[in-house]
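Before any comments, here is the structure.
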Amino acid sequence: MLAVVPPPVTVRVPAKVNLHLSVDDLREDGYHELVTVFQALSLTDEVTVAVTDEPGIEVYGEGEGSVPTGHENLAWRAVEALSAHVGRTGEPKVRVVLRKGIPVAGGMAGGSADAAATLVGLASLWNLDVTRDELAEIAAGLGSDVPFALYGGTALGTGRGEHLVPVLSRHTFHWVLAFDSEGLSTPKVFGELDRLRAAGNPPRIGSHTPVVEALASGDPRQLALLLGNDLQAAAVSLRPELRRTLRAGVNAGALAGTVSGSGPTCAFLCEGAQSAVEVAAELSGAGVCRTVRVAHGPVPGARVVGGDDAPRPASPRVHA
Ligand SMILES: C[C@@](CO)(OP(=O)(O)O)[C@H](O)COP(=O)(O)OP(=O)(O)OC[C@H]1O[C@@H](n2ccc(N)nc2=O)[C@H](O)[C@@H]1O
Ligand SMILES: Nc1ncnc2c1ncn2[C@@H]1O[C@H](COP(=O)(O)OP(=O)(O)O)[C@@H](O)[C@H]1O
């Protein structure tokens with residue numbers, strides 16, 4: 001009798017921006033304790049998983065040339081972790097196709113998003129009886145940002161970012177994202193922050209509570225005053241041109257700008273959807289970044305969207 005091969009499964013998964021990221025000192029395990037408020041944005045990757053006799057990874061789209069296609073790819077590590085969790089032995093007979101819209105090494109957790117999408121896709125492909133909370137435990141072993149990509153929305157992250165509590169967010173917020181021509185390494189940016197702190201006493205951002213209150217109020221002007229990121233000084237120290245990008249976004253009419261996570265992507269909060277389009281157009285003419293995108297948030301986490309032939313909305317794109 002012929003075995004029935006299940007159809008491929010495609011999952012859409014969001015990028016994140018950190019609305020607040022306060023970083024404490026280095027822990028003994030090499031991580032920094034942090035408090036962050038994540039928001040999932042409509043800028044997405046799509047991940048298709050399929051049963052195959054030729055296991056491996058294919059990558060298309062944003063930064064395709066700089067994404068590893070071997071065992072170092074976070075999506076492949078997700079395949080291996082879920083296989084081990086359910087006791088599957090031998091090389092997993094899975095093909096993973098990544099269609100990337102999230103900038104690589106951009107501080108928007110693209111690799112983490114792909115890992116989360118792979119977990120959700122495989123759970124469906126293999127018809128597994130696993131809850132999202134069970135997947136989140138596997139996700140935390142893959143990287144600090146992976147659990148958030150499973151849940152999406154807006155959430156408070158603590159520990160190294162993997163302990164999550166949902167945050168009430170009443171409003172859709174509109175963002176403009178400025179992609180840089182080259183990524184920044186997350187460990188290098190944390191290392192630079194340690195160096196800056198050892199050399200002096202750079203200011204630290206305050207408590208996350210006002211940010212949580214602004215999200216509940218839904219007022220982008222209130223939220224704009226509170227965006228903060230302890231890694232921003234380190235990212236700017238490694239990539240001084242980011243200062244110009246941040247200024248250009250505000251000059252173009254954004255309410256405020258921040259480096260997303262470890263950067264170098266800059267995220268600009270705008271008054272509304274129309275304002276975001278105008279800011280994006282002006283920023284793309286300013287010559288301070290490679291590409292500009294508009295996005296909104298919060299959006300849900302990794303979700304199955306259908307088979308290979310499912311329609312795919314393209315995210316708006318403005319070239320600098
Ligand atoms: C900075 C943040 C903010 O959301 O995002 P990105 O800018 O990378 O998107 C995250 O904390 C990044 O999370 P993620 O990219 O998953 O990092 P991991 O793979 O867990 O860790 C990579 C390395 O970053 C450093 N690291 C990461 C998280 C943390 N809380 N403290 C750290 O010091 C460590 O050197 C670690 O070895
Ligand atoms: N699926 C993936 N997509 C992107 N990068 C990946 C992936 N898997 C592994 N990587 C590696 O992880 C590094 C960080 O990528 P990414 O997750 O996009 O950025 P960030 O940590 O800044 O949010 C990349 O430089 C790349 O070498």
Side-chain angles (χ1 to χ4, degrees), residues 11 13-41 43-47 57-80 96-119 139-150 155-164 177 179-180 182-194 197 229-232 234-235 238-239 258-267:
V11 176
V13 64
K16 61 81 184 165
V17 62
N18 305 84
L19 310 178
H20 171 100
L21 175 55
S22 61
V23 179
D24 213 328
D25 295 331
L26 183 64
R27 302 192 314 207
E28 281 195 352
D29 64 0
Y31 286 88
H32 294 73
E33 193 75 15
L34 53 80
V35 177
T36 188
V37 179
F38 291 110
Q39 182 158 93
L41 300 186
L43 178 78
T44 55
D45 279 2
E46 279 190 10
V47 177
I57 302 249
E58 289 168 50
V59 186
Y60 303 99
E62 257 303 320
E64 58 185 30
S66 54
V67 176
T69 52
H71 290 251
E72 340 61 289
N73 193 299
L74 224 55
W76 192 256
R77 291 187 37 221
V79 173
E80 292 176 334
V96 183
V97 180
L98 308 179
R99 293 185 192 85
K100 296 201 62 78
I102 307 173
V104 175
M108 301 203 76
S112 306
D114 297 343
T118 302
L119 293 175
L142 295 167
S144 312
D145 277 347
V146 185
F148 177 69
L150 281 175
L156 180 69
T158 53
R160 56 184 170 86
E162 82 284 29
H163 299 306
L164 298 170
L177 305 165
F179 294 3
D180 209 344
E182 238 182 280
L184 270 175
S185 143
T186 299
K188 271 197 190 144
V189 176
F190 275 105
E192 180 66 5
L193 179 63
D194 295 338
R197 284 179 173 173
N229 177 1
D230 276 340
L231 289 179
Q232 179 160 316
L238 295 171
R239 187 75 53 86
T258 183
V259 168
S260 181
S262 58
T265 305
C266 294

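Atoms within a ligand are numbered from 1 in the order they appear, just like the ligands themselves. Hydrogens, waters and symmetry mates play no part in the numbers below; they use all other heavy atoms, side chains included.
Residue contact check: H32 has heavy atoms under 4.0 Å from atoms 29 (C), 30 (N), 31 (N), 32 (C), 33 (O) of ligand 1. Shown in contact with L34 at under 4.0 Å from a heavy atom are these atoms of ligand 1, numbered in order with element: 11 (O), 30 (N). Less than 4.0 angstrom separates some heavy atom of L231 from each of these atoms of ligand 1: 1 (C). Applying the 4.0 Å criterion to heavy atoms of G30 picks out, from ligand 1, the atoms 33 (O), 34 (C), 35 (O). Applying the 4.0 Å criterion to heavy atoms of R160 picks out, from ligand 1, the atoms 30 (N). Within ligand 1, counting atoms from 1 as listed, the ones closer than 4.0 Å to a heavy atom of K16 are 3 (C), 4 (O), 5 (O), 6 (P), 7 (O), 9 (O). In summary, the atoms of ligand 1 found under 4.0 Å from a heavy atom of Y31, numbered by their order in the structure, are 20 (O), 21 (O), 26 (N), 27 (C), 28 (C), 29 (C), 31 (N), 32 (C), 33 (O), 36 (C). Numbered from 1 in the order shown, with element, the atoms of ligand 1 that lie under 4.0 Å from a heavy atom of G261 read 7 (O).
Within 4.0 Å of ligand 2, contacts by protein heavy atoms are made from V67, P68, E72, N73, L74, L98, K100, P103, V104, A105, G106, G107, M108, A109, G110, G111, D114, T186.
Residues D194 and H32 meet the side-chain proximity criterion, which asks for heavy atoms closer than 4.5 Å. Side-chain contact between I57 and V67 is absent, with no heavy atoms from C-beta onward closer than 4.5 Å. Using a 4.5 Å cut-off on side-chain heavy atoms (C-beta onward), L74 and R77 make contact. Contact annotation: the side chain of T36 never approaches that of F148 to less than 4.5 Å [non-hydrogen atoms, C-beta and beyond]. Here the side chains of D230 and S22 are in contact, with some heavy-atom distance below 4.5 Å. In this structure, V17 and L177 have side chains that are not in contact, with every pair of non-hydrogen atoms separated by 4.5 Å or more.
If you check which protein heavy atom lies closest to atom 5 (O) of ligand 1, you get D145 OD2, 2.9 Å. Scanning all protein heavy atoms for the shortest distance to atom 24 (O) of ligand 1 gives T186 CG2, 3.6 Å. Protein heavy atom nearest atom 19 (O) of ligand 1, with residue, atom name and distance: G143 CA, 4.3 Å.
Annotation: E64, atom CD; neighbour count of heavy atoms from other residues, nucleotides and ligands within 6.0 Å is above 12.
Here the shortest heavy-atom distance to atom 18 (P) of ligand 1, taken over G141, S144, G111, belongs to S144. For atom 35 (O) of ligand 1, the choice among A140, A235, P187, A115 with the nearest heavy atom turns out to be P187.
At a 4.0 Å heavy-atom cut-off, ligand 1 does not touch V189 at all. Looking at F190 against ligand 1, only its side chain comes within 4.0 Å, counting heavy atoms.
At least one heavy atom of N18 sits closer than 4.0 Å to an atom of ligand 1. Under the 4.0 angstrom criterion for non-hydrogen atoms, F38 is in contact with ligand 1.
Using a distance-only test at 3.5 Å, with no hydrogens or angles considered, no donor-acceptor pair links the side chain of S260 to the main chain of C266. Panel note: side chain N18, backbone G261; a donor-acceptor pair is recorded below 3.5 Å. In terms of modelled atom types and a separation under 3.5 Å, the side chain of K16 and the main chain of G107 share a donor-acceptor contact. Using modelled atom types, one side-chain atom of D45 and one backbone atom of I102 make a donor-acceptor pair closer than 3.5 Å.
W76 and H71 have perpendicular rings, their planes meeting at more than 60° on a 0 to 90° scale where under 30° would count as parallel.
Closest approach of T265 and G106 over heavy atoms only: OG1-O, 2.8 Å.
One distance of note links CD of E80 with CG of L142; it measures 10.0 Å at 0.5 Å rounding.
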